[in-house]
Number of protein chains: 2
Amino acid sequence: MTRMKETIQSISIDLFYQKGYFATSISDIARGCGIQKASIYYHFSSKEELLFQIMSHTMSDLVSLLKESLVQADPIDQRMRVAVRTHVQFHLHRQKENFIANSELRGLSEEHYRSIVALRDEYESIFQALIREGRDNGAFVAVDVRILSYAILNLCTSGAFWYNPGGRLAVEDIAAIYENFIIAGLQNGTLRPPV
Amino acid sequence: MTRMKETIQSISIDLFYQKGYFATSISDIARGCGIQKASIYYHFSSKEELLFQIMSHTMSDLVSLLKESLVQADPIDQRMRVAVRTHVQFHLHRQKENFIANSELRGLSEEHYRSIVALRDEYESIFQALIREGRDNGAFVAVDVRILSYAILNLCTSGAFWYNPGGRLAVEDIAAIYENFIIAGLQNGTLRPPV
DNA sequence: GTCTATACGATGATAGAC
DNA sequence: GTCTATCATCGTATAGAC
């Protein structure tokens with residue numbers, strides 16, 4: 001990838017994160033890069049293509065990272081901890097891209113949308129397999145696998161929406177809080193209210 | 001509120017939910033209402049005003065509902081259960097409006113943005129007070145109140161993004177799953193991983 | 001690879017008749 | 001209250017020179 005192409009991507013990530021995809025114009029991006037807007041089209045065929053590239057890289061990296069993190073044959077609760085930690089760390093370290101990937105699906109064309117959703121589904125199915133395995137061997141309580149996978153992933157992803165890199169808590173602290181909360185829910189989540 | 005004004009709001013909710021605020025044009029709304037686009041401006045001064053009205057009503061109703069649900073002086077874990085259940089039910093029963101209120105803050109003007117965020121902050125602070133109370137009297141484990149309030153609210157809100165009214169699970173089932181999962185996390189969320 | 005210039009469409013909003 | 005007509009603006013994208 002050429003230097004300017006990388007600059008355009010990087011500036012676009014900043015702007016899409018700051019103002020949103022629709023509110024960001026090609027002129028804005030060009031201004032940020034210090035070139036004319038027509039020059040953008042030498043590197044990317046359209047604004048939508050730019051959005052797709054950003055999302056595509058992000059989601060591919062996310063799926064690869066999760067797979068790598070799960071190669072160890074640990075007990076199921078330990079594997080779930082690793083998965084949660086990996087997810088949270090990725091979403092906080094690459095906050096802007098993940099924010100975009102989770103909030104700008106609307107901007108994609110039909111085919112690109114399908115492509116990103118396919119990656120997301122692949123990712124979710126890995127989490128669902130973990131939950132199912134833990135439930136089936138008794139490590140986790142009986143739960144609805146799909147609902148809980150949405151809940152867990154959404155909870156962990158939400159950090160990308162409010163996390164402040166210079167703030168009070170470090171990434172590892174936040175990851176640990178989420179990890180413990182989720183494991184507690186998976187191990188005890190059917191407690192009934194006192195009558 | 002006149003009949004046409006209500007129609008415009010209702011059609012706008014449908015379209016903002018379906019296509020997003022930015023991708024929905026005044027022409028789209030007018031077509032949906034069976035009138036000309038100029039006529040919209042008799043009822044609302046701008047497209048942004050329309051978005052604000054929708055968000056404002058939704059958030060006000062949400063805050064009122066939560067306050068009403070907590071008038072009973074139950075034990076803290078019971079009150080938290082009620083709060084979670086109320087939140088989930090509201091978000092699933094009024095799915096479209098809540099989806100909009102959570103995903104289209106970008107479309108608001110400065111002042112309107114501040115107004116909506118103030119309501120959201122008020123709402124969050126009620127949840128934070130519940131968590132803090134439970135933590136201080138030992139019903140919940142020691143936790144970071146702010147982080148956990150974001151996590152819990154985001155988890156519960158996420159239902160508005162994937163819930164399918166005609167689907168497999170009823171609102172009450174989903175609310176019960178979330179409720180139990182969250183209470184388990186609050187009561188056991190500092191379990192450490194086995195070493 | 002980047003520039004200037006421009007085509008072309010769509011959009012939010014207004015004016016004024018009925 | 002709703003209409004027709006229209007404005008001004010801005011958006012993405014392309015053509016062709018350098």
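Reminder, nothing fancy here: chain letters follow the sequence lines and each chain counts from 1.
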Whether A:Glu122 side chain and A:Val63 backbone form a donor-acceptor pair below 3.5 Å: no
Rounded distance (Å) that lies between atom P of C:dA15 and atom OH of B:Tyr42: 17 Å
Among B:Trp162, B:Phe181, B:Tyr163, B:Phe161, the one residue meeting ring pair (Phe, Tyr, Trp, His ring centres under 6.0 Å) with A:Tyr150: B:Trp162
Trace of the side-chain contact (heavy atoms from CB on, under 4.5 Å) decision for A:Leu186 with A:Leu148: CA-CA 9 Å; A:Leu186 285 168; A:Leu148 224 47; 3.7 Å; yes
Under 3.5 Å side-chain donor-acceptor pair for B:His91 and B:Ser158: no
Using the 3.5 Å cut-off, write out each protein N or O paired with an N or O of nucleotides 10-14 of chain C and the distance between them.
{"from": "C:dG12", "atom 1": "OP1", "to": "B:Lys47", "atom 2": "NZ", "distance (Å)": "2.9"}
{"from": "C:dG12", "atom 1": "OP2", "to": "B:Ile26", "atom 2": "N", "distance (Å)": "2.9"}
{"from": "C:dA13", "atom 1": "OP2", "to": "B:Tyr41", "atom 2": "OH", "distance (Å)": "3.1"}
{"from": "C:dA13", "atom 1": "OP2", "to": "B:Lys47", "atom 2": "N", "distance (Å)": "3.0"}
{"from": "C:dA13", "atom 1": "N6", "to": "B:Lys37", "atom 2": "NZ", "distance (Å)": "3.3"}

Residues in contact with DNA chain C, drawn from residues 1-20 of chain A - heavy-atom cutoff 4.0 Å: A:Thr2, A:Met4
Steps toward side-chain contact (heavy atoms from CB on, under 4.5 Å) verdict (A:Ser10, A:Ile13): CA-CA 5 Å; A:Ser10 163; A:Ile13 290 171; 5.6 Å; no
Geometric cation-pi criterion, B:Lys96 with B:Phe16: 6.0 Å, 45°: no
Spacing between B:Gln36 atom CD and D:dT6 atom P, to the nearest angstrom: 14 Å
B:Asp28 and B:Ser25 side chains, donor-acceptor separation under 3.5 Å: yes
B:Asp74 bridged to B:Arg81 by N-O distance under 4.0 Å: no
Residue-phosphate contact under 4.0 Å: A:Ser39 side-chain N/O, C:dG1 OP1/OP2: no
